[in-house]
Protein chains: 2
Amino acid sequence: MIALNQTSRTPIYQQIREQVLAQIACGLLSPHQQLPGVRSMAIDLGINPNTVMKAYVELEREGFIYSVAGKGSYVSEPNGDVSVIRQEKLAEVREVLSKLRPYGITKEEIMKLVELMYREEETR
Amino acid sequence: MIALNQTSRTPIYQQIREQVLAQIACGLLSPHQQLPGVRSMAIDLGINPNTVMKAYVELEREGFIYSVAGKGSYVSEPNGDVSVIRQEKLAEVREVLSKLRPYGITKEEIMKLVELMYREEETR
DNA sequence: ACTACTGTATTAGTGTAGATAGTACAGTTG
DNA sequence: CAACTGTACTATCTACACTAATACAGTAGT
């Protein structure tokens, strides 16, 4: 279900997070469907349960899944609360934008870039 | 000339970089004016010359100053070459923008944000 | 209540990258 | 050659990220 690349420099927990996210996005995992337990997935992948846990905690913080102690972890409703992570992401954008001043990067350039990036999105 | 905050979490070399940059921006340092030597500034601040060096190397990479071995470091022409760092900064923007998709952040939101940030700039 | 599952917390080991410093090298100028 | 300049190499210290080991705690079926 999850394929790890042990040699990759991207952390294991990130790989798990991304692949679970992808499976939710493509509908392979449905809302309220139970995810593999941290232990079983850990054994499957030959890693420590805590590493899976870290991926799940991150996904929960982002609002994509929810966990219940003793029961399991489940996929959230598609319109689940992603406001927390949204604010964080917007703050990141603000941060990087605020440091462009000394380099003569104009508003128009940024606008153009944004336009371009969202145009690429549509074609997917 | 430079005031360090030793307790701050921002690295010393960054503090130096920022303050030199500010002094160039406000005209306190003029084009082709010689900067303090890495040693003298290091002694002034009670730090290692290499730390000052790191700030100078960064500023040079960004095109704000230039250094000549044996002579010294000097402020660049105001329209000095900042194209390298420009590209890097734009890449950063691209990077952070590319990760906004899953969180339902719209193009309009970003546009609004950019607009807002550049509006604040004008008032300075 | 016991058992077997689930998630959670605490702590520790490991690796790696960043920041700073010590020291030696090299160019410029008088 | 002396006294200044920047530069390069290396070591160390530290902080943090990643992962793991292990113990704790909740849920459900028997």
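All values below come from the heavy atoms of this structure, side chains included, with hydrogens, waters and symmetry mates left out. Numbers restart at 1 for each chain; the letters A, B, ... are given by sequence-line order, proteins then strands. Everything quoted here is computed from the prediction, not taken from an experiment.
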To the nearest angstrom, the CG-P distance between B:Leu45 and C:dA19 comes to 17 Å
Taking for A:Gly46 and for A:Ala69 the nucleotide of DNA chain D with the nearest heavy atom, the one nearer the 5' end belongs to A:Gly46
Per atom distances to the B:Ile47 side chain, the nearest of D:dT7, C:dA21, C:dT8 is C:dA21
The residue among B:Ile24, B:Val75, B:Leu35, B:Leu21 that forms side-chain contact (heavy atoms from CB on, under 4.5 Å) with B:Leu59 is B:Leu21
Rounded to whole Å, OH of B:Tyr74 lies from P of D:dC4 at a distance of 15 Å
(Q) Distance alone, cut at 3.5 Å: any donor-acceptor contact between the side chains of B:Glu62 and A:Tyr103? (A) yes
Whole-Å distance, A:Met53 CE to D:dT22 C1', equals 15 Å
A:Ile16 CD1 to D:dT19 C1', in whole Å, measures 11 Å
| For B:Gln33, does its backbone N or O pair with a side-chain atom of B:Ser30 as donor and acceptor, under 3.5 Å? | no
In whole angstroms, the gap separating P of D:dC4 from CE of B:Met41 amounts to 18 Å
Heteroatom pairs (N/O) under 3.5 angstrom, protein to nucleotides 11-18 of chain D:
residue : atom : partner : partner atom : Å
D:dC18  : OP2  : A:Tyr13 : OH           : 2.9

Practice task
Answer yes or no for B:Lys54 and B:Tyr13: cation-pi contact, defined as NZ/CZ to six-membered ring centre under 6.0 Å and angle to ring axis within 45°.
Solution key: yes
Taking OP1 and OP2 of C:dG7, is either one under 4.0 Å from a side-chain nitrogen or oxygen of A:Ser73?
yes
| message | Given 3.5 Å as the limit, does a donor-acceptor pair link the side chain of B:Glu77 with the main chain of B:Pro31, or not? | response | no
With under 30° as parallel and over 60° as perpendicular, where do the rings of A:His32 and A:Tyr66 fit, or are they tilted in between? perpendicular
Please determine whether a side-chain nitrogen or oxygen atom of B:Lys71 lies at a distance below 4.0 Å from atom OP1 or OP2 of C:dT29.
yes
List the steps, then state whether side chain to side chain contact (heavy atoms under 4.5 Å, CB included) holds for B:Ile65 with B:Leu29. CA-CA 11 Å; B:Ile65 71 173; B:Leu29 289 169; over 6 Å; no
To the nearest angstrom, the OH-P distance between A:Tyr66 and C:dT6 comes to 16 Å
Rounded to whole Å, CG of B:Leu4 lies from P of C:dA19 at a distance of 15 Å
Separation of C:dT29 atom P from B:Gln34 atom CD, nearest Å, is 11 Å
Decide yes or no, distance alone: a donor-acceptor N/O pair under 3.5 angstrom between the base of C:dA9 and the side-chain of A:Asn50. yes
Sorted by position of nearest nucleotide on DNA chain D, 5' first, the leading residue of A:Val68 and A:Arg39 is A:Arg39
